[in-house]
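Input: a single structure, listed below in C-alpha coordinates.
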Amino acid sequence: MKTTETKTLKVIFEPIWKNNPIMVQILGICSSLAVTVQLKTAIVMAIALTLVVAFSNLTVSVLRNAIPRNIRIIAELCIVATLVILADELLKAFMYDISKQLSVFVGLIITNCIVMGRAESFALANPPLLSFLDGLGNGIGYGSVLIAVAFIRELMGSGKLLGFDVVPQAFYLSGYENMGFMLLAPAAFIIIGLLVWLQRTLLNK
Amino acid sequence: MSSNFKSVLFAIVLCLACSLLLTMASSGLKGYQLRNIKLDRQKNLLRSAGLIDDQNNNRPESIEKLYSEKIKSLWVDPSGRIVKETEREQNDLPVYLYIKENAVEAYIVPINAQGLWGKINGYLAINKDGSTINGFTVYKHSETPGLGGEIERSWFQRNFEGKKIVNKEGKFVSISIARGAVKDVIQKDFQANFVDGISGATLTGKFLSASMKDILKEYESVSVKFRQNMIKEIPGNNGAEN
(Lines give C-alpha, C1' and ligand atoms only; values in the text may rest on other atoms or scores of the structure.)
Protein backbone atom coordinates (compact mmCIF):
# COMPACT_ATOMS: atom_id res chain seq x y z
CA MET A 1 0.00 0.00 0.00
CA LYS A 2 2.90 2.31 0.77
CA THR A 3 3.88 2.69 -2.86
CA THR A 4 0.40 3.64 -4.08
CA GLU A 5 0.07 6.13 -1.27
CA THR A 6 3.26 7.90 -2.13
CA LYS A 7 2.35 7.84 -5.80
CA THR A 8 -1.00 9.49 -5.08
CA LEU A 9 0.67 12.13 -2.96
CA LYS A 10 3.31 12.68 -5.60
CA VAL A 11 0.69 13.10 -8.30
CA ILE A 12 -1.08 15.82 -6.39
CA PHE A 13 1.88 17.62 -4.82
CA GLU A 14 4.48 17.53 -7.56
CA PRO A 15 2.68 19.96 -9.88
CA ILE A 16 2.10 22.36 -7.00
CA TRP A 17 5.78 22.98 -6.37
CA LYS A 18 8.43 20.87 -8.09
CA ASN A 19 6.77 20.61 -11.47
CA ASN A 20 4.57 23.71 -11.37
CA PRO A 21 2.78 24.24 -14.70
CA ILE A 22 3.54 27.96 -14.80
CA MET A 23 6.91 28.17 -13.11
CA VAL A 24 8.53 25.02 -14.51
CA GLN A 25 6.57 23.97 -17.57
CA ILE A 26 5.91 27.65 -18.49
CA LEU A 27 2.35 26.87 -19.58
CA GLY A 28 -0.71 29.04 -19.18
CA ILE A 29 1.27 32.28 -19.16
CA CYS A 30 -1.24 34.12 -21.31
CA SER A 31 -4.12 34.01 -18.87
CA SER A 32 -1.84 34.59 -15.92
CA LEU A 33 -0.91 37.94 -17.42
CA ALA A 34 -4.48 38.90 -18.11
CA VAL A 35 -6.48 38.06 -15.00
CA THR A 36 -4.01 38.90 -12.24
CA VAL A 37 -4.71 42.61 -11.90
CA GLN A 38 -7.09 41.85 -9.05
CA LEU A 39 -7.03 39.08 -6.51
CA LYS A 40 -10.73 38.33 -6.91
CA THR A 41 -10.61 37.55 -10.62
CA ALA A 42 -7.45 35.49 -10.10
CA ILE A 43 -9.13 33.36 -7.43
CA VAL A 44 -12.21 32.73 -9.57
CA MET A 45 -10.04 31.90 -12.57
CA ALA A 46 -7.94 29.55 -10.45
CA ILE A 47 -11.04 27.70 -9.22
CA ALA A 48 -12.58 27.55 -12.70
CA LEU A 49 -9.40 26.19 -14.25
CA THR A 50 -8.81 23.69 -11.45
CA LEU A 51 -12.32 22.29 -11.88
CA VAL A 52 -11.99 22.15 -15.66
CA VAL A 53 -8.62 20.36 -15.56
CA ALA A 54 -9.74 17.94 -12.85
CA PHE A 55 -12.97 16.98 -14.59
CA SER A 56 -11.51 16.87 -18.07
CA ASN A 57 -8.80 14.58 -16.76
CA LEU A 58 -11.43 12.44 -15.06
CA THR A 59 -13.61 12.19 -18.17
CA VAL A 60 -10.73 11.52 -20.53
CA SER A 61 -9.39 8.90 -18.16
CA VAL A 62 -12.75 7.12 -17.86
CA LEU A 63 -13.04 7.06 -21.63
CA ARG A 64 -9.36 6.33 -22.25
CA ASN A 65 -9.95 2.80 -23.44
CA ALA A 66 -12.88 3.78 -25.65
CA ILE A 67 -11.32 6.82 -27.33
CA PRO A 68 -9.97 5.75 -30.71
CA ARG A 69 -6.29 6.74 -31.07
CA ASN A 70 -6.71 8.53 -34.37
CA ILE A 71 -9.29 11.04 -33.13
CA ARG A 72 -8.13 11.33 -29.55
CA ILE A 73 -7.08 15.01 -29.73
CA ILE A 74 -10.46 16.02 -31.14
CA ALA A 75 -12.26 13.93 -28.54
CA GLU A 76 -10.24 15.56 -25.74
CA LEU A 77 -10.92 18.96 -27.22
CA CYS A 78 -14.62 18.21 -27.33
CA ILE A 79 -14.68 17.22 -23.66
CA VAL A 80 -12.63 20.22 -22.56
CA ALA A 81 -14.75 22.61 -24.62
CA THR A 82 -17.94 21.27 -23.08
CA LEU A 83 -16.57 21.75 -19.57
CA VAL A 84 -15.33 25.25 -20.35
CA ILE A 85 -18.70 26.33 -21.74
CA LEU A 86 -20.37 24.84 -18.66
CA ALA A 87 -18.05 26.83 -16.38
CA ASP A 88 -18.76 29.99 -18.37
CA GLU A 89 -22.52 29.48 -18.21
CA LEU A 90 -22.40 28.85 -14.47
CA LEU A 91 -20.36 31.99 -13.87
CA LYS A 92 -22.77 34.03 -15.99
CA ALA A 93 -25.69 32.71 -13.98
CA PHE A 94 -24.29 33.01 -10.47
CA MET A 95 -21.29 35.37 -10.53
CA TYR A 96 -22.22 37.81 -13.26
CA ASP A 97 -19.94 40.69 -12.25
CA ILE A 98 -16.89 38.49 -12.10
CA SER A 99 -17.77 36.77 -15.35
CA LYS A 100 -17.87 40.20 -16.96
CA GLN A 101 -14.41 41.01 -15.65
CA LEU A 102 -13.00 37.68 -16.75
CA SER A 103 -14.72 38.26 -20.12
CA VAL A 104 -13.10 36.15 -22.79
CA PHE A 105 -10.62 34.48 -20.49
CA VAL A 106 -13.00 31.85 -19.17
CA GLY A 107 -13.74 30.79 -22.72
CA LEU A 108 -10.03 30.81 -23.38
CA ILE A 109 -9.39 28.21 -20.68
CA ILE A 110 -9.70 25.82 -23.59
CA THR A 111 -6.57 27.24 -25.16
CA ASN A 112 -4.71 26.90 -21.89
CA CYS A 113 -2.05 24.33 -22.65
CA ILE A 114 -2.29 22.89 -19.15
CA VAL A 115 -5.72 21.38 -19.79
CA MET A 116 -4.92 19.64 -23.06
CA GLY A 117 -1.43 18.85 -21.85
CA ARG A 118 -2.63 16.96 -18.79
CA ALA A 119 -5.36 15.14 -20.72
CA GLU A 120 -2.90 14.04 -23.38
CA SER A 121 0.10 13.20 -21.24
CA PHE A 122 -1.47 11.92 -18.04
CA ALA A 123 -5.17 11.10 -18.23
CA LEU A 124 -4.84 8.91 -21.33
CA ALA A 125 -2.46 6.60 -19.51
CA ASN A 126 -3.71 6.59 -15.92
CA PRO A 127 -6.81 5.46 -14.00
CA PRO A 128 -9.63 7.95 -13.30
CA LEU A 129 -8.96 8.75 -9.63
CA LEU A 130 -5.27 9.38 -10.18
CA SER A 131 -6.05 11.54 -13.21
CA PHE A 132 -8.56 13.55 -11.24
CA LEU A 133 -5.97 14.19 -8.53
CA ASP A 134 -3.40 15.10 -11.14
CA GLY A 135 -5.85 17.64 -12.53
CA LEU A 136 -6.48 19.04 -9.06
CA GLY A 137 -2.75 19.28 -8.40
CA ASN A 138 -2.04 21.06 -11.66
CA GLY A 139 -4.99 23.39 -11.19
CA ILE A 140 -3.83 24.28 -7.70
CA GLY A 141 -0.28 24.71 -8.94
CA TYR A 142 -1.49 27.09 -11.64
CA GLY A 143 -3.90 28.82 -9.28
CA SER A 144 -1.38 29.39 -6.52
CA VAL A 145 0.97 31.20 -8.89
CA LEU A 146 -1.95 33.18 -10.25
CA ILE A 147 -3.00 34.20 -6.76
CA ALA A 148 0.57 35.07 -5.73
CA VAL A 149 0.99 37.30 -8.79
CA ALA A 150 -2.42 38.91 -8.28
CA PHE A 151 -1.63 39.52 -4.60
CA ILE A 152 1.52 41.45 -5.49
CA ARG A 153 -0.10 43.32 -8.39
CA GLU A 154 -3.23 44.41 -6.55
CA LEU A 155 -1.31 45.38 -3.42
CA MET A 156 1.34 47.41 -5.22
CA GLY A 157 -0.76 48.61 -8.13
CA SER A 158 -3.90 49.79 -6.40
CA GLY A 159 -3.08 49.51 -2.68
CA LYS A 160 -5.93 47.08 -2.19
CA LEU A 161 -6.55 43.41 -1.52
CA LEU A 162 -9.80 41.80 -2.67
CA GLY A 163 -11.07 45.33 -3.26
CA PHE A 164 -10.46 46.55 0.29
CA ASP A 165 -7.97 49.33 0.95
CA VAL A 166 -5.00 47.96 2.85
CA VAL A 167 -2.39 50.67 2.38
CA PRO A 168 -3.12 53.15 5.16
CA GLN A 169 -4.15 56.66 4.21
CA ALA A 170 -1.16 58.04 6.16
CA PHE A 171 1.17 56.45 3.59
CA TYR A 172 -0.47 58.35 0.74
CA LEU A 173 -0.39 61.58 2.74
CA SER A 174 3.32 61.20 3.28
CA GLY A 175 3.95 60.78 -0.43
CA TYR A 176 3.49 57.05 -1.19
CA GLU A 177 2.03 56.38 -4.60
CA ASN A 178 0.53 53.27 -6.15
CA MET A 179 2.68 51.74 -8.84
CA GLY A 180 0.64 52.16 -11.99
CA PHE A 181 2.99 49.85 -13.85
CA MET A 182 1.80 46.91 -11.74
CA LEU A 183 -1.60 47.15 -13.41
CA LEU A 184 -0.15 46.56 -16.88
CA ALA A 185 0.55 43.13 -18.35
CA PRO A 186 4.37 43.48 -18.46
CA ALA A 187 4.40 43.69 -14.67
CA ALA A 188 2.95 40.19 -14.48
CA PHE A 189 5.72 38.96 -16.75
CA ILE A 190 8.34 40.41 -14.45
CA ILE A 191 6.71 38.99 -11.31
CA ILE A 192 6.40 35.54 -12.88
CA GLY A 193 10.06 35.78 -13.89
CA LEU A 194 11.04 36.63 -10.33
CA LEU A 195 8.91 33.77 -8.99
CA VAL A 196 10.58 31.31 -11.37
CA TRP A 197 13.95 32.57 -10.18
CA LEU A 198 12.93 32.23 -6.52
CA GLN A 199 11.57 28.74 -7.07
CA ARG A 200 14.67 27.49 -8.92
CA THR A 201 16.95 28.91 -6.25
CA LEU A 202 15.01 27.21 -3.50
CA LEU A 203 14.83 23.91 -5.40
CA ASN A 204 18.56 23.79 -6.14
CA LYS A 205 19.58 24.28 -2.54
CA MET B 1 -16.02 -3.47 -36.88
CA SER B 2 -13.46 -1.46 -38.78
CA SER B 3 -11.52 1.10 -36.81
CA ASN B 4 -12.76 3.95 -38.99
CA PHE B 5 -16.35 3.05 -38.29
CA LYS B 6 -15.58 2.88 -34.59
CA SER B 7 -14.01 6.33 -34.68
CA VAL B 8 -17.00 7.86 -36.42
CA LEU B 9 -19.40 6.17 -34.04
CA PHE B 10 -17.43 7.36 -31.02
CA ALA B 11 -17.34 10.91 -32.38
CA ILE B 12 -21.08 10.94 -32.97
CA VAL B 13 -21.88 9.63 -29.51
CA LEU B 14 -19.47 12.04 -27.85
CA CYS B 15 -20.87 15.02 -29.77
CA LEU B 16 -24.43 14.06 -28.92
CA ALA B 17 -23.63 13.64 -25.24
CA CYS B 18 -21.77 16.95 -25.09
CA SER B 19 -24.44 18.93 -26.93
CA LEU B 20 -27.19 17.42 -24.81
CA LEU B 21 -25.35 18.43 -21.66
CA LEU B 22 -24.76 21.97 -22.92
CA THR B 23 -28.32 22.42 -24.09
CA MET B 24 -29.58 21.38 -20.70
CA ALA B 25 -27.19 23.72 -18.89
CA SER B 26 -27.95 26.60 -21.20
CA SER B 27 -31.72 26.36 -20.99
CA GLY B 28 -31.66 25.62 -17.28
CA LEU B 29 -29.55 28.64 -16.46
CA LYS B 30 -31.12 31.04 -18.92
CA GLY B 31 -33.50 32.53 -16.35
CA TYR B 32 -30.71 33.42 -13.95
CA GLN B 33 -28.58 34.84 -16.72
CA LEU B 34 -31.31 37.04 -18.14
CA ARG B 35 -32.11 38.38 -14.69
CA ASN B 36 -28.42 39.17 -14.18
CA ILE B 37 -28.25 41.04 -17.46
CA LYS B 38 -31.36 43.05 -16.62
CA LEU B 39 -30.09 43.82 -13.12
CA ASP B 40 -26.74 44.85 -14.51
CA ARG B 41 -28.44 47.25 -16.91
CA GLN B 42 -30.56 48.74 -14.15
CA LYS B 43 -27.55 49.00 -11.87
CA ASN B 44 -25.61 50.91 -14.50
CA LEU B 45 -28.50 53.20 -15.16
CA LEU B 46 -28.76 53.98 -11.45
CA ARG B 47 -25.01 54.41 -11.26
CA SER B 48 -24.92 56.88 -14.14
CA ALA B 49 -27.48 58.97 -12.28
CA GLY B 50 -25.33 58.81 -9.17
CA LEU B 51 -27.94 56.89 -7.19
CA ILE B 52 -25.58 54.09 -6.25
CA ASP B 53 -21.82 53.89 -6.37
CA ASP B 54 -19.80 50.99 -7.66
CA GLN B 55 -18.16 50.20 -4.34
CA ASN B 56 -20.89 48.76 -2.16
CA ASN B 57 -22.45 45.48 -3.09
CA ASN B 58 -26.01 46.25 -3.93
CA ARG B 59 -28.53 43.53 -3.36
CA PRO B 60 -30.70 42.64 -6.35
CA GLU B 61 -33.91 43.47 -4.47
CA SER B 62 -32.74 46.95 -3.51
CA ILE B 63 -31.67 47.67 -7.08
CA GLU B 64 -35.05 46.61 -8.45
CA LYS B 65 -36.84 48.71 -5.84
CA LEU B 66 -34.68 51.78 -6.40
CA TYR B 67 -35.11 51.43 -10.14
CA SER B 68 -38.88 51.27 -10.00
CA GLU B 69 -39.04 54.21 -7.60
CA LYS B 70 -36.58 56.62 -9.15
CA ILE B 71 -36.39 55.82 -12.82
CA LYS B 72 -39.08 56.41 -15.40
CA SER B 73 -38.60 55.31 -18.94
CA LEU B 74 -40.31 57.00 -21.84
CA TRP B 75 -40.02 57.55 -25.56
CA VAL B 76 -39.60 60.80 -27.44
CA ASP B 77 -39.93 61.50 -31.13
CA PRO B 78 -37.11 63.26 -33.04
CA SER B 79 -38.59 66.69 -32.23
CA GLY B 80 -38.36 65.94 -28.53
CA ARG B 81 -42.07 65.35 -28.01
CA ILE B 82 -43.06 62.54 -25.69
CA VAL B 83 -44.90 59.69 -27.34
CA LYS B 84 -46.82 56.85 -25.77
CA GLU B 85 -45.05 53.53 -25.71
CA THR B 86 -47.84 51.96 -27.73
CA GLU B 87 -47.73 54.63 -30.43
CA ARG B 88 -44.04 54.85 -30.87
CA GLU B 89 -42.44 54.75 -34.28
CA GLN B 90 -39.13 53.58 -35.53
CA ASN B 91 -37.29 56.89 -35.18
CA ASP B 92 -38.42 57.50 -31.64
CA LEU B 93 -35.77 57.48 -28.95
CA PRO B 94 -35.79 56.00 -25.45
CA VAL B 95 -35.05 58.34 -22.54
CA TYR B 96 -34.93 57.58 -18.83
CA LEU B 97 -35.82 60.18 -16.25
CA TYR B 98 -34.36 60.29 -12.79
CA ILE B 99 -37.16 61.44 -10.52
CA LYS B 100 -36.16 63.08 -7.25
CA GLU B 101 -38.87 64.31 -4.89
CA ASN B 102 -41.47 64.49 -7.62
CA ALA B 103 -39.32 66.52 -9.96
CA VAL B 104 -37.10 65.55 -12.83
CA GLU B 105 -33.52 65.67 -11.60
CA ALA B 106 -31.74 64.34 -14.65
CA TYR B 107 -32.33 62.52 -17.90
CA ILE B 108 -30.44 59.48 -18.98
CA VAL B 109 -29.52 58.71 -22.56
CA PRO B 110 -28.66 55.15 -23.59
CA ILE B 111 -25.30 55.14 -25.35
CA ASN B 112 -25.10 52.44 -27.99
CA ALA B 113 -21.84 53.46 -29.49
CA GLN B 114 -19.39 51.97 -31.90
CA GLY B 115 -16.07 51.08 -30.31
CA LEU B 116 -12.93 49.82 -31.97
CA TRP B 117 -13.84 46.12 -31.87
CA GLY B 118 -17.57 46.20 -31.38
CA LYS B 119 -20.49 47.91 -29.76
CA ILE B 120 -20.09 49.85 -26.53
CA ASN B 121 -23.28 49.98 -24.47
CA GLY B 122 -23.74 52.37 -21.61
CA TYR B 123 -25.69 55.25 -20.14
CA LEU B 124 -25.03 58.95 -19.98
CA ALA B 125 -26.95 60.92 -17.35
CA ILE B 126 -27.38 64.63 -18.02
CA ASN B 127 -28.51 67.10 -15.40
CA LYS B 128 -31.88 68.85 -15.74
CA ASP B 129 -30.01 71.97 -16.93
CA GLY B 130 -29.56 70.12 -20.22
CA SER B 131 -25.81 70.64 -20.45
CA THR B 132 -23.96 69.17 -17.47
CA ILE B 133 -23.12 65.48 -17.37
CA ASN B 134 -24.07 63.73 -14.15
CA GLY B 135 -22.41 60.44 -14.90
CA PHE B 136 -21.45 57.87 -17.48
CA THR B 137 -21.34 54.09 -17.27
CA VAL B 138 -20.53 51.24 -19.61
CA TYR B 139 -22.18 47.88 -19.14
CA LYS B 140 -21.07 46.02 -22.22
CA HIS B 141 -18.17 46.34 -24.60
CA SER B 142 -15.67 44.22 -26.50
CA GLU B 143 -12.59 46.42 -26.24
CA THR B 144 -9.20 44.94 -25.35
CA PRO B 145 -8.94 44.32 -21.60
CA GLY B 146 -6.34 46.63 -20.10
CA LEU B 147 -6.39 49.02 -23.04
CA GLY B 148 -9.74 50.12 -24.47
CA GLY B 149 -11.35 47.91 -21.82
CA GLU B 150 -10.46 50.62 -19.31
CA ILE B 151 -13.66 52.40 -20.35
CA GLU B 152 -15.45 50.21 -17.82
CA ARG B 153 -13.24 51.42 -14.98
CA SER B 154 -14.55 53.99 -12.57
CA TRP B 155 -11.62 56.40 -12.97
CA PHE B 156 -12.53 56.82 -16.62
CA GLN B 157 -16.26 57.06 -16.02
CA ARG B 158 -15.83 59.56 -13.15
CA ASN B 159 -14.02 61.74 -15.66
CA PHE B 160 -17.35 62.64 -17.20
CA GLU B 161 -18.97 63.99 -14.04
CA GLY B 162 -19.51 67.74 -14.22
CA LYS B 163 -18.35 68.05 -17.83
CA LYS B 164 -20.49 69.98 -20.33
CA ILE B 165 -21.97 69.00 -23.66
CA VAL B 166 -22.25 72.71 -24.61
CA ASN B 167 -19.51 75.30 -25.06
CA LYS B 168 -19.16 78.61 -23.23
CA GLU B 169 -21.74 80.26 -25.53
CA GLY B 170 -24.22 77.52 -24.76
CA LYS B 171 -23.96 75.87 -28.18
CA PHE B 172 -23.98 72.08 -28.47
CA VAL B 173 -20.50 70.65 -29.00
CA SER B 174 -20.83 67.16 -27.44
CA ILE B 175 -18.22 65.60 -25.16
CA SER B 176 -14.96 64.17 -26.45
CA ILE B 177 -12.22 61.96 -25.15
CA ALA B 178 -8.85 63.68 -25.21
CA ARG B 179 -5.59 62.03 -26.23
CA GLY B 180 -4.02 62.05 -22.80
CA ALA B 181 -4.85 64.15 -19.74
CA VAL B 182 -7.22 67.03 -20.42
CA LYS B 183 -5.20 69.57 -18.48
CA ASP B 184 -2.12 68.87 -20.61
CA VAL B 185 -3.50 68.63 -24.11
CA ILE B 186 -6.62 70.80 -24.23
CA GLN B 187 -6.78 74.60 -24.12
CA LYS B 188 -8.32 76.03 -21.01
CA ASP B 189 -11.44 77.34 -22.73
CA PHE B 190 -12.39 73.90 -24.03
CA GLN B 191 -11.49 71.74 -21.06
CA ALA B 192 -15.12 71.43 -19.95
CA ASN B 193 -15.92 69.53 -23.15
CA PHE B 194 -13.16 66.93 -22.86
CA VAL B 195 -12.40 64.00 -20.57
CA ASP B 196 -9.05 62.32 -19.91
CA GLY B 197 -8.21 59.65 -22.47
CA ILE B 198 -6.86 56.15 -21.91
CA SER B 199 -3.22 55.64 -22.80
CA GLY B 200 -2.87 52.95 -25.43
CA ALA B 201 -6.50 53.26 -26.48
CA THR B 202 -6.56 56.25 -28.78
CA LEU B 203 -8.83 54.56 -31.31
CA THR B 204 -11.39 53.42 -28.75
CA GLY B 205 -11.57 57.02 -27.56
CA LYS B 206 -11.89 58.33 -31.07
CA PHE B 207 -14.73 55.96 -31.98
CA LEU B 208 -16.54 56.52 -28.70
CA SER B 209 -16.27 60.31 -29.04
CA ALA B 210 -17.65 60.21 -32.57
CA SER B 211 -20.54 57.92 -31.62
CA MET B 212 -21.40 60.00 -28.57
CA LYS B 213 -21.56 63.10 -30.71
CA ASP B 214 -23.99 61.41 -33.11
CA ILE B 215 -26.14 60.11 -30.28
CA LEU B 216 -26.22 63.39 -28.38
CA LYS B 217 -27.06 65.20 -31.60
CA GLU B 218 -30.13 63.01 -31.95
CA TYR B 219 -31.10 63.81 -28.39
CA GLU B 220 -30.39 67.53 -28.82
CA SER B 221 -34.10 68.28 -29.16
CA VAL B 222 -34.64 66.82 -25.69
CA SER B 223 -31.62 68.61 -24.27
CA VAL B 224 -32.84 71.93 -25.66
CA LYS B 225 -36.12 71.50 -23.84
CA PHE B 226 -34.28 70.94 -20.61
CA ARG B 227 -31.99 73.91 -21.29
CA GLN B 228 -34.97 76.19 -21.84
CA ASN B 229 -36.42 74.82 -18.64
CA MET B 230 -39.54 73.58 -20.40
CA ILE B 231 -39.77 70.33 -18.49
CA LYS B 232 -40.84 71.11 -14.99
CA GLU B 233 -43.27 68.39 -14.09
CA ILE B 234 -42.86 64.72 -14.54
CA PRO B 235 -44.04 64.13 -18.05
CA GLY B 236 -46.34 61.32 -18.90
CA ASN B 237 -48.22 61.35 -15.61
CA ASN B 238 -51.11 63.38 -17.04
CA GLY B 239 -49.77 64.20 -20.48
CA ALA B 240 -48.94 67.71 -19.26
CA GLU B 241 -45.88 68.16 -21.39
CA ASN B 242 -47.23 68.68 -24.87
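Each chain gets a letter, A, B and so on, in the order the sequences are listed, and its residues count up from 1. The shown structure was predicted, so the numbers you read here are calculated from the model rather than taken from an experiment. Note that these values count all heavy atoms, side chains included, but never hydrogens, waters or copies made by symmetry.
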Within a reach of under 6.0 Å around CD of B:Gln187, are more than 12 heavy atoms found that belong to other residues, nucleotides or ligands? no
A:Trp17 atom CH2, over 12 foreign heavy atoms within 6.0 Å: yes
In terms of heavy-atom proximity below 4.5 Å to chain B, should A:Leu86 be classed as side chain, backbone, both, or neither? both
I need the B:Leu14 CG to A:Thr82 OG1 distance, nearest 0.5 Å. 7.0 Å
What are the two closest heavy atoms between A:Ala66 and B:Phe10, and how far apart are they? O-CD1, 3.7 Å
Heavy-atom neighbours of A:Phe171 CZ exceed 12 at 6.0 Å: no
May I ask you to name which of B:Gln33, B:Lys30, B:Glu152 has the most heavy-atom pairs under 4.5 Å with chain A? B:Gln33
Would you say OH of B:Tyr32 has more than 12 non-hydrogen atoms from neighbouring residues, nucleotides or ligands within 6.0 angstrom? no
Contacting region of B:Ile37 [heavy-atom separation from chain A under 4.5 Å]: both
Among B:Cys15, B:Ser26, B:Ser19, who wins on heavy-atom pairs under 4.5 Å with chain A? B:Ser26
Count the heavy atoms belonging to other residues, nucleotides or ligands that lie under 6.0 Å from CZ of B:Arg179, then report whether that count exceeds 12. no
Candidate pair A:Ile71 and B:Val8, rule side-chain contact (heavy atoms from CB on, under 4.5 Å), full reasoning: CA-CA 9 Å; A:Ile71 57 160; B:Val8 171; over 6 Å; no
Checking B:Leu29 against chain A: side chain, backbone, both or neither under 4.5 Å from a heavy atom? both
Exceeds 12 heavy-atom contacts within 6.0 angstrom, atom OH of A:Tyr172: yes
Give, as side chain, backbone, both or neither, the part of A:Ile67 having an atom under 4.5 angstrom from any heavy atom of chain B. both
Can you tell me which portion of A:Ile74 sits under 4.5 Å from chain B's heavy atoms? Options are side chain, backbone, both or neither. neither
